[in-house]
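Below is one structure; the comments refer to it alone.
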Amino acid sequence: MSTEMQKYIDEAEQALLHTYNRYQVVFDKGEGVYLYDMDGKRYLDFVSGIAVFALGYHNEAYNDALKSQIDKIIHTSNYYYNVPAIEAAKKIKEISGMDRVFFTNSGAEAVEGAIKTARKYAYLKDGKTDHEIIAMNHSFHGRTMGALSVTGNPHYREAFEPMIGNIRFADLNDFDSVMAQVTDKTCAILFETVQGEGGIYPATEEFMRKVRALCDERDILMILDEIQCGMGRTGTMFAWQRYGIRPDVMTTAKALGCGVPVGAFLMTEKVGANSLVAGDHGTTYGGNPLACAAVSKVIDLFKEQDVPANVKRVGAYLEERLCGLVKEFACVTERRGVGLLQGLVFDRPVGDIITLAMEKGLVLINAGTDIIRFVPPLVIEEKHVDDMIGILRECILQIEGERR
Ligand SMILES: *Cc1c(COP(=O)(O)O)cnc(C)c1O
């Protein structure tokens, strides 16, 4: 590492609050599926800013759309209309089949909005304020107090208690565990269609259908968090679209703006007409012209390039190659995931492998201590998968080695 890069890292540790154990690298620019650090070293990127930069770096059409919006207007208040937000809302309705959109600045805020929507919907029905939400163990929904309250990881919550009240936890794909938590106060059942942070666990079709039927029967809102698994990552625009059902409320963020901070929560017309009204919710930045110009262009490019088709094809190939590693190495126990949201489970912590991969010019990330998560740009090709597997194999051989 150059002394210049080391100097910046030292300065970062003096100035930034230490809420991350950062890898020892300063990224400077990107090109396609590659990142470059300050010293000009190239890295193959299988993280894409954690499922954000779906279109690859330095995408000219995307950059140009942002530049021209910057020269027009970056921000106006939500007290006025703006064309990019109207365009983006129409497009996101079209790709999701949902009816009403509220733009936020982040994923956590989208989850907050979804929670408020559910509480208001239930409140309008019976005037009470004791409604309950069922969330899942091992879930991740963000770091704000509301989103943290529905995050099924006690370690993230402990120091910040008390959380918001009336949250109950069940297990994903265990419908009986959900039934055990349902009461006449339940107003929503919330989960990720594919759990990301918690270890790459896709919801089963049976679970999805049973929850949907339960929610219909009892007028409970089914809320799906698609912040990580949505926007084409599993081969359909939203992961729930594979299951032949529709949620009542959904959240999106991460790849929605491909790097410009933006999220959204969406709902059906029925929920929209019976929940939040003027004065109930708001945001200064959410849905501003710059963020929405990004959303609008991202959706256009997804269509033009048929990104979901690429995900299906390359995702299947990635799956096959990862299964090869499970067969080859005793320390690799399982592959899980859908499309370009994949996890490789090891019988030990994966930190050393990830650090070694960085040295060899490959960016990977974990999900929990024992799982390597693969969330590359959605425009990667088979040859990039081959390159990644080649480096990862070297790392496994170098660190723990043993073949089956
Ligand atoms: C990343 C993530 C969030 C939180 O999004 P932020 O933009 O970091 O607030 C919420 N839910 C899921 C499933 C996520 O992956």
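Fair warning: this is a prediction, and the values are worked out from it, not measured in the lab. Atoms within a ligand are numbered from 1 in the order they appear, just like the ligands themselves.
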Atom of Pro84, atom of Gln69 and distance for their closest heavy-atom approach: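 Smallest interatomic distance, heavy atoms only, reads CG-OE1, 3.5 Å.
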
Out of all atoms in ligand 1, which are within 4.0 Å of some heavy atom of [X]? Include the element for each.
X	value
Ala108	4 (C), 5 (O), 6 (P), 9 (O)
Gln228	15 (O)
Glu192	13 (C)

Run the salt-bridge test on [X] and [Y] with the 4.0 Å N-O cut-off and return the result as yes or no.
X	Y	value
Arg119	Asp130	no
Asp248	Arg212	yes
Asp219	Lys270	yes

Out of Arg143, Lys254, Glu109, Glu112, who gets a non-hydrogen atom closest to atom 1 (C) of ligand 1?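 Comparing heavy atoms across Arg143, Lys254, Glu109, Glu112, the nearest one to atom 1 (C) of ligand 1 lies in Lys254.
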
Could you tell me whether atom 15 (O) of ligand 1 has at least one protein heavy atom nearer than 4.0 Å?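 At least one protein heavy atom is under 4.0 Å away.
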
Flag, side chain of Arg233 to backbone of Leu341, donor-acceptor distance under 3.5 Å: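 It does not hold such a pair.
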
Counting only nitrogen or oxygen atoms and a 3.5 angstrom limit, does Gly107 reach ligand 1?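 N/O-N/O distance under 3.5 Å: yes.
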
Taking distance alone, with no angle check, do Gly142 and ligand 1 share an N/O pair under 3.5 Å?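 No, Gly142 has no N/O under 3.5 Å of an N/O on ligand 1.
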
Quick check on His141 - does any of its heavy atoms sit under 4.0 Å from an atom of ligand 1? yes

Would you say that more than 12 heavy atoms from the other residues, nucleotides or ligands in this model lie under 6.0 Å from the NE2 of His155, or not?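 Check fails, neighbour count at 12 or below.
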
Would a line drawn from the ring center of Tyr123 to the ring center of His131 be shorter than 6.0 Å? no

Who's the nearest protein heavy-atom neighbour of atom 11 (N) of ligand 1, and how far?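 Nearest neighbour among protein heavy atoms for atom 11 (N) of ligand 1, to 0.1 Å: Asp225 OD2, 2.8 Å.
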
